[in-house]
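The structure under discussion appears below in the form of structure tokens.
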Amino acid sequence: MTLAALNSPDIPQGTLDMLILKVVAGGPIHGYAIAQSIQQISKQVLLVPQGSLYPALHRLERRRLLQAEWKSSETGREAKFYRLTAKGRKQLAQETDDWEQLRNAIDLIMRRVERQA
Amino acid sequence: VSRWRKFFKRERLERQLDSELQFHIDELIQDYIKAGMTESQARQTALSEFGGIGGIKEDLRAVWRWSWLDRLGQDVRYSARVLAKSPAFTIVVVLLLGAGIGTTSIIFTALNAVFWHPLPARNPSELRTLSWTSPTLRYAGSFTHQTYRQMHAAMPEANLACAWRLRSSMAEWGPVAFQLVTGNYFRTIGIKPALGRLIDTEDDLPGNPTPVAVISYRVWLRAYGGSPDVLNHKLTIAGRPLQIIGVMPEGFAGLWPLEPHDVMIPYTAGSLFPQFVPPRDPSLWSCAEVVGRWPAGVSEDQLRSQAQNFLQAEFAANPSKDSKDARLVVSGVLDSRGQSELRERTIGPLTILLVTGSIILLITCTNIGSLLLTRGHARRVELATRLAIGAGRWRIVGQLITESVLISIAGGAVGIATAYIGAPILPDLLGELGGRTWLNPTRTPGVSLQPDFRVVGFALLLTVCTALLFGMWPALRATRVDLVLWMKQSSTGASKRHLRVKTGNILIGIQIGLSMLLLLGAALFGRTLINLRSVPVGYEPNGLLFVELDPSRNRPTFVQDILRTLETMPQVTSAAASQWPLYNNAEPRLAVCVPEHDPAQSAMDIEPVTPRFFETWGVRMTRGRDFDLSQDAGQSVIVNEKFVKAFLPNRNPIGLQLGLGRCPGNRRTIVGVVGDHLDRQRVEITPMVYVPYPFPRATTPATLAVRTSGNVSALIPAIRRLLQDGGANVDGDVMTGEAYVQKEWRRERLLAGALVLFSVLAVAISCLGIYGTLSYLVISRTPEIGIRMALGARTRAVIRMVLFESLTPVGAGIALGWAAGFILARWVESLLFGVTRSDLVSTIAAAAVLAATAGIAALLPARRASRISPMRALRHE
């Protein structure tokens, strides 16, 4: 593992699913690219261990939030591509809302505490 | 199987998981190569970054698993494959477990029948029986029919029914006890017929032209083969045909299980059987059993006080010697004497049997546990490999426990089958344990002794418990492995091995101890049986048949007539009558006045016998002559040798006189002396005085005996028919002399048989345990033994070394088992005969048998150890 990975913060419990849904919302994408995307977009802060990524993907697939199909990747190999279902889209919207609310709430508390300090 | 797998698309899923993860790894490698690594570096980095593929795949499979049921299916399939790979191990373990579960379930079937399922009635707890008692009355008092009718009319809501128990008549298939019941009897108790219908009010109207009868389930099976055709049959009792209208449900033969009634007839039909019913006004017949249904909420005190009034009115009109201070008794049917007697008589022996069965099961479990420990060791590489490629420990524990559960389910199935196959022995077993009762000519209790859902539930519970008992610990043990150590080399650390051998030794010690306990019991009861058999009974049981009956309601010449008919039968060499059979547990009770002796000491048995009685029973005539009715009536007596020894030593007794009754008594002349016979096992022979049978009257009861030169059992149907046609009132079936003698030690025989069976099982199981533990020891010490042999240890020394390993647990087990046996035998000492619980022969025999079989079991692994090739063992290391 790289040093960056060792220093990176854990992805908060329960948000990995939301991140995956968000990344997949951009269009059909395979597991490796999802991991790379999260890593790159977060500027190497968030590293998704494979041990969590694939179980999460398969869980979402099983819950029919994602749909998978096998097709050729950019390198010409067969890869498993995931894409959002209608149900997944709804779930993503819901989770995004929830996340907004949660983030605002946490921000409020953190600032108040700062002022008091 | 392939369809099954296709259904779950398991293979496709596996392929997809593989290629999806492989794709990821390959992409990583490509990226690292792009970043400037060599291909091998890139591959290594990618793989280490990716982590345990096995673990991830396991997680992914977990996502796609249908449910825990699916995982269970996988475990079951894997376990079945593992078990099928060692069929000998599996079969032995399953059979042993099946024997243990089966035995325990059979005994539980009896307990279940006696304690939790005594009556196939509707809400039996609502049923009450009425009776009365007084300070002078020894048994439960009965009511006149008139009182019964008054109580019935005054308390219609209870729907009181009345039953009048009768003695038994003889039918083609044997003695049959029958009972008169009022028309509402079955409705009150809430019994449903197994076939046809039961007696109802219209059957019990006076003057019914065709009397009817209802028979019990077991008579239906025994005498009519369970055929529905039985409803077209007539049952003949004392020459009276009764139309069979129905069959009672299984397990019901009246409310007294120890005195079951196999035939019920309407109360008014009793007038057809003057031999069995007192020839009195039917309105005065007794109701020996008054039973009613008390709905919840009705006060029992109210019932008692109401019935008490009728009882007092009855006694005011017809006082009897027992009616003073008479008190009415109301009891629940399930608590009534008839029911509780069966419970009281059988609880002790059944508990002993259940405990013994549980001990067997416990031995089996510890044994299977130790075998699994051995296998756990043998499979350590397999398990370590599976752990290393990422299987969770609990997953493997679960799989190992699944193996145990599979074994116990198979064992439980064998056990339940054994319980169903073995259940038919229960009526006889319970009859033996319940002991003899006068009004039960078949000697088997009237309760259903079939395994039911409770028994199956019990067996399933045992199955689950045994699986956990023997499976959990070895599974935890086997998976607690030091991965690195086990992968690097196949031998474990020395301290661990010692711990494991020590637990194995403790298990063996326990098993040997329990086996010793059972063997000692078997030896003690075996010797008791041999001792009991070796005591001469004093007559010749071979070729003897006899039957006990009550001729008091037959014509006066009944016994004489039957004797005459018997004598004319071609196979009969002699026939005789007496009051009691010989060997009848009689207490000396009548006074005899022997000159020059204290009459207080001279209470003894006086037995009326016909001429040829001694010839028929095979009692030796030592001096004088047999009775001759024409000259001996009221004049002569015959005494036994013991009498001569006790009262007339060194004198010729022939011609001497004694007095019957208190001195001076009725003078009688001694005309003969006969050999002694036992009255009862374990009791001193008593002096006997035989008097001429009081023909033309008969004694009550009377015993008819015949001696035959031919086949004993061929004569039984002829005698039964004779008694049936004559309307005899029998106290039991026609019995052979041999069965009669054996009956006396039935408890001892039963216990000895059970203990022998159990101890053989226990010894077999413990030997298997020794074999398993020592095999394990030899496997784990293979390198050490190899070194020893390479350094020059001889074969003998190696064998001795392995044998010595088992010496301590076997020795300690024998000692502890003996001590436990010595202590426990205190409670059965009264059943022993001719041996004490400290009996040296039994102890040595039990210890020798155990040591020898244990030695053989230990020798096999020891020989295997001695054949270890040093080169191979060392290379192995």
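Heavy-atom basis, side chains included; hydrogens, waters and symmetry copies ignored. Letters A, B, ... are given to chains in the order of the sequence lines, protein chains preceding strands, and every chain is numbered from 1. These numbers come from a predicted model, not from an experiment.
- Applying the 6.0 Å contact sphere to CD of A/Glu78 captures more than 12 heavy atoms from other residues, nucleotides or ligands.
- Residue contact with chain A, scored on non-hydrogen atoms closer than 4.5 Å, involves the backbone and the side chain of B/Gln16 alike.
- Scanning all heavy atoms of the two residues, the minimum distance from A/Ala35 to B/His24 falls at CB-CE1, 4.4 Å.
- A/Ser52 does not touch chain B: none of its heavy atoms, backbone or side chain, sits under 4.5 Å away.
- Just one of B/Leu17, B/Leu21, B/Asp59 meets the side chain to side chain contact (heavy atoms under 4.5 Å, CB included) condition when paired with A/Tyr54; it is B/Leu21.
- Atom CZ of B/Phe23 is separated from atom NE2 of A/His30 by 3.5 Å, given to the nearest 0.5 angstrom.
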**Item:** Test side chain to side chain contact (heavy atoms under 4.5 Å, CB included) applied to B/Glu20 and A/Trp70, step by step
**Value:** CA-CA 10 Å; B/Glu20 185 175 18; A/Trp70 288 82; 4.2 Å; yes

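- Note that OH of A/Tyr32 and CG of B/Asp26 are 10.5 Å apart. Values are rounded to the nearest 0.5 Å.
- Of the atoms belonging to A/Leu53, it is side-chain heavy atoms, and not backbone ones, that fall under 4.5 Å from chain B.
- Within 6.0 Å of CZ on A/Arg64 lie no more than 12 heavy atoms contributed by other residues, nucleotides or ligands.
- For a residue to count as touching a neighbouring chain, one of its non-hydrogen atoms must lie under 4.5 Å from one of that chain's; by this rule A/Gln36 touches chain B with the side chain only.
- Within a 6.0 Å radius of NZ in A/Lys43, no more than 12 heavy atoms belonging to other residues, nucleotides or ligands are found.
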